[in-house]
J.: 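Would you mind keeping the following structure in view while I ask a few things?
Given the structure is predicted, the values throughout are model-derived calculations rather than measurements. For ligands, and for the atoms within them, numbers begin at 1 and follow the listed sequence.
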Amino acid sequence: MPYPVGMTRFSKLRAFAACAVLAAAAGCHSTRSADVPAGNAPAAHLVPLPQSMQVEPGELRFAGAVALDADASAPHARRALEDTLAGLGIATRDAAAMRIRLQLGDDATLGDEGYRLVVTDGVLLSARTDIGLLHAVQSLRQLLPARPQAQFRLPRVAIVDTPAYRWRGLSLDVARSFLPVEYLEKTLDRMAFFKLNRLHLHLTDDQGWRIEIKRYPKLVEIGGASAVEGGRSGWYTQDQLKHLVAYAQARGITIVPEVDLPGHTQAALASYNELACDDVTNLAPYAGLEVGFSVLCLDKPEVVYPFVRNVLAEVLAIFPSQEIHVGGDEIKHPLYADFISRTAAMVDDMGRTAIFWEEGSVGEMKPDVLLQFWNDGYDIAAAVEKGHPLVLSPCSYFYIDHGNYAGQPQTYDWCRKEGVPLARLYSFDPTPFKTAVGIEAALWTELVHSDDAADNRLWPRLAASAEVAWTRTPQRGYDGFRQRMAALRPHLDAMGVRYHREPDLGWADAEPRPR
Ligand code: ACM
């Protein structure tokens, strides 16, 4: 008989889940640490660490098949669960003894992304939204083994989980060195596994313009053909980007496009020379490593602003993201602040909200415009005072083009000479930033020229970043993270991730794991 994972059982669990929420701060007798297995039951190793998790004695065993009972209004979660089961060789059959239920409800305490996961004699995943259920499915995936087994064992847990921050991101520079669509799909899959929900694509820079703009075809014909020395050139068609948007949405992820303006624009100037001031003589495609030398001719507003508006119109038609990144970094110009103000207003007129790198704080703009904090020492206090929401990417913690360890070949160290090791990234405390909406790790690609190199820089540090953004700071601890993350290595192997063999996780063995 399938165990009816019904309301009675679940209501009881609500009561102890409330206790478990308090447990993080105050202690609660029946709540165990997330890392402690109950008896011989499999341990519940989850990254990011849930807000509360109660582990009861015993385990749930099943083999071969499960019955699936899914709310029709949660298609993405259902697909994610079906993919998970299929990947483990588990069939779905209505008559199976073990039942997994995906249930939408109206528990306001869960917010838009929270969920409950209860393992008794069946599994109940519940949330207010499809995205909440997607996160529940990812937690279930982490509780399950990474590969097919004759028999599956699950710890008996009751999890209640909501994120600390609404923006849990990765910024990927596809402009210096191109990353193919297939790699972005894989990265989205892996991000979803750790409940990350923003992929910020840095689509344009001096070394390349990667997004097709139909009104200005030379942007990709010329700007898409260049790359940083040793890197990859290329560009995405609008159809490819729309496909990626849908692929991401199905995994609970929003793609935030960035067109970096008014600086970092040599690829645009090389494609359309009239965007440069008339006295500019260097209009060649660029493959070097310098920054801060190119700028749209802000003294020709009649040329620049129609260009910006036309480009943004096409960008917005591809990307439904409420937030649209317009760059704004590393340029000094008397008309810079005016550019930021005008562009923020333009994005607002188009029904979206601009986000700029921190330097954009000098613009006159509505307080809902977001700023992305990237220099640890930048004076962001005035912007916080005005109420601007912050995405936190301080380079000495979150610039993961810096080494996994000091002196790692092909990594930068301009922000922190010791690199950005896992423990350093994990130690970040976002709580002093009163208007923070989240965290975003950034992978710049001046020195990252292959998918494998990108994997090495991203993993496992991006998982640590996910926990910093999801789990409340007082609940987190590096030792616990190390244990839980180390235990997820088989999952990374099963996903084919070419991660850095992080000694802190005991992964420093010489041989690559089977894939
Ligand atoms: C940046 O690193 N220039 C945002």
J.: For a quick check under 3.5 Å, do Asp206 and Ser294 share a side-chain donor-acceptor pair by atom type?
T.: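 Side chains of Asp206 and Ser294: pair found under 3.5 Å.
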J.: Counting each atom of ligand 1 from 1 as listed, which ones have a heavy atom of Glu330 under 4.0 Å away?
T.: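 Here the atoms of ligand 1 in question are 3 (N).
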J.: What pairs meet the disulfide bond (SG atoms under 2.5 Å apart) rule with one or both residues in residues 371-410, with sequence neighbours excluded?
T.: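 Non-adjacent pairs meeting disulfide bond (SG atoms under 2.5 Å apart): Cys395-Cys415.
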J.: With respect to Asp451, which candidate in Lys186, Arg232, Arg498 satisfies the salt bridge (Lys or Arg N to Asp or Glu O under 4.0 Å) definition?
T.: Arg232
J.: Say whether His264, considering both its backbone and side-chain N or O atoms, lies within less than 3.5 Å of an N or O atom on ligand 1.
T.: no
J.: Which is closest to atom 4 (C) of ligand 1 in terms of heavy atoms, Tyr399, Trp414, Phe356?
T.: Tyr399
J.: Would you say Asp329 has any N or O atom under 3.5 Å from an N or O of ligand 1, going by distance alone?
T.: yes
J.: Measuring centre to centre across the rings, with the benzene-like ring taken for any Trp, is His500 within less than 6.0 Å of Trp507?
T.: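 No, they do not, as the ring centres are separated by 6.0 Å or more.
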J.: Between Gln207 and Arg176, do the side chains contain an N or O donor and an N or O acceptor separated by less than 3.5 Å?
T.: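 Yes, because at least one side-chain N or O of Gln207 sits under 3.5 Å from a partner of the opposite role on Arg176.
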J.: Can you find an N/O atom of Trp357 closer than 3.5 Å to an N/O atom of ligand 1?
T.: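 No, no N or O pair falls under 3.5 Å.
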